[in-house]
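Residues: numbered from 1 along the sequence shown. The analysis underlying the following values was restricted to heavy atoms, covering all of them including side chains, and did not include hydrogens, waters or symmetry mates.
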Amino acid sequence: MSKKDDKPKNINIQNRRARHEYAFLVQYEAGLMLQGTEIKSIREGSVQLQDGFCTFHQDGSLWAHNITIAQYTEGTYNNHEPTRARKLLLNKKELKQLAGKAQEQGLTIIPVRMFVSDRGFAKLEIALAKGKKLYDKRDDLKAKDQKREMDRARDY
């Protein structure tokens with residue numbers, strides 16, 4: 001059996017903590033500028049998005065910080081740095097929209113999900129988000145529990 005016959009496994013790394021901490025206003029799908037062995041580590045699934053955030057630089061480009069892509073185990077001295085800042089690839093219209101909205105008080109840009117597209121490119125789903133208050137989190141947990149109870153009752 002050749003390597004071409006093997007189906008690539010579906011890579012879908014999510015930031016579950018972000019769904020609990022933030023309310024998402026708008027979501028975008030961005031490409032990532034990667035170096036060397038980073039894509040191999042992503043395909044292994046060794047990525048952590050929990051502490052990640054995105055900022056704009058002076059030139060108007062969007063960068064993702066604190067996303068940890070573990071070093072590739074089979075890598076040599078050419079291995080990448082795990083927590084380096086990575087440039088996000090969006091078109092100018094999307095960058096302009098995000099830059100305008102991100103200036104508003106209380107809004108931030110956070111990574112929500114990382115996946116590998118059908119063409120084999122690593123993509124990062126980012127969201128313009130507003131932090132939830134404690135009572136918002138409680139309401140979400142209460143709604144989640146009620147939905148679970150209704151599903152259980154329906155199954156019996």
| Does the side chain of Glu38 come under 3.5 Å of the side chain of Tyr72 through a donor N or O and an acceptor N or O? | no
| field | side-chain contact (heavy atoms from CB on, under 4.5 Å) between Glu125 and Gln27, worked out | value | CA-CA 7 Å; Glu125 191 173 298; Gln27 290 187 334; 3.2 Å; yes
| Can you hop from Tyr22 to Ile13 via hydrophobic side chains spaced under 4.5 Å? | no
| task | Could you tell me whether Lys132 atom NZ has more than 12 heavy atoms of other residues or ligands within 6.0 Å of it? | result | yes
| said: To the nearest 0.5 Å, what is the distance between CG on Asn12 and CD on Gln14? | reply: 5.0 Å
| query | Got a sec: does the CG of Asp59 have more than 12 other heavy atoms crowding it under 6.0 Å? | reply | yes
| remark: On a heavy-atom basis, the closest approach of Ala18 and Ile110 is CB-CD1, 3.7 Å
| remark: Exactly one of Leu32, Leu89, Val112, Val47 clears side chain to side chain contact (heavy atoms under 4.5 Å, CB included) with Leu124, and that residue is Leu32
| query | Counting heavy atoms not belonging to Lys137, are there more than 12 under 6.0 Å from its NZ? | reply | yes
| remark: dist Ile109:CD1 -> Lys101:NZ (nearest 0.5 Å) comes out at 10.5 Å
| field | Ala70 to Ser41 - nearest heavy-atom pair and separation | value | O-OG, 2.7 Å
| So, the side chain of Arg86 versus the backbone of Ile67: is there a donor-acceptor pair under 3.5 Å, distance only? | yes
| field | Worked verdict on His65 versus Arg84 for side-chain contact (heavy atoms from CB on, under 4.5 Å) | value | CA-CA 7 Å; His65 301 275; Arg84 73 176 186 86; over 6 Å; no
| query | Are Val116 and Ile126 in one and the same hydrophobic cluster, where Ile, Leu, Val, Met, Phe, Trp and Tyr link if side-chain heavy atoms are under 4.5 Å apart? | reply | yes
| message | Contact between Asn66 and Phe53 at the side-chain level, heavy atoms closer than 4.5 Å - yes or no? | response | yes
| Lys/Arg-Asp/Glu bridge criterion (N-O < 4.0 Å) met for Arg148, Asp151 | no
| Once you round to the nearest 0.5 Å, how far does CG of Leu107 lie from CG of Leu128? | 5.0 Å
| task | Quick one: pull up CE in Met150 and CZ in Arg154 and give me the separation to the nearest 0.5 Å. | result | 7.5 Å
| Path from Met33 to Phe121 over hydrophobic side-chain contacts below 4.5 Å | no
| task | Check whether Trp63 and Met114 end up in the same hydrophobic cluster, where Ile, Leu, Val, Met, Phe, Trp and Tyr are linked by side-chain heavy atoms less than 4.5 Å apart. | result | no
| message | To check you understand the geometry: which heavy-atom pair defines the closest contact between Ile42 and Leu34, and what is its length? | response | CD1-CD1, 3.8 Å
| query | When clusters are formed by joining ILVMFWY residues with side-chain heavy atoms under 4.5 Å apart, either directly or through shared neighbours, do Leu62 and Ile69 land in the same one? | reply | yes
| remark: On a heavy-atom basis, the closest approach of Glu29 and Leu90 is O-CD2, 3.6 Å
| request: Report yes or no: is the cationic atom of Arg113 (NZ for Lys, CZ for Arg) under 6.0 Å from the centre of the six-membered ring of Phe115, at an angle within 45° of the ring normal? | output: yes
| said: Quick check: do Lys144 and Asp139 have side-chain heavy atoms less than 4.5 Å from each other? | reply: no
| query | Step by step, would you call Leu141 with His20 a side-chain contact (heavy atoms from CB on, under 4.5 Å)? | reply | CA-CA 9 Å; Leu141 288 174; His20 181 69; 4.3 Å; yes
| Check: Lys130 side chain, Gln105 main-chain N or O, donor-acceptor pair, under 3.5 Å | no
| request: Take Gln146 and Lys142 through the side-chain contact (heavy atoms from CB on, under 4.5 Å) test and state the conclusion after the steps. | output: CA-CA 6 Å; Gln146 288 175 349; Lys142 192 183 298 183; 4.1 Å; yes
| task | Please confirm whether the backbone N or O of Thr83 pairs with a side-chain atom of Thr68, one donor and one acceptor, at under 3.5 Å? | result | no
| Looking at Ser61 and Lys87, what are the two nearest heavy atoms and their distance? | CB-CE, 3.6 Å
| query | Can you check whether Phe56 reaches Leu95 side chain to side chain, under 4.5 Å on heavy atoms? | reply | yes
| Taking every non-hydrogen atom, the tightest pair across Ser117 and Lys123 | CB-CG, 4.2 Å
| Would you say Asn15's side chain and Leu49's backbone share a donor-acceptor pair under 3.5 angstrom? | yes
| said: Between Glu149 and Arg152, does any NZ, NE, NH1 or NH2 come within less than 4.0 Å of an OD or OE carboxylate oxygen? | reply: yes
| task | Drop me the distance from Gln71's CD to Thr37's OG1, to the nearest 0.5 angstrom. | result | 7.5 Å
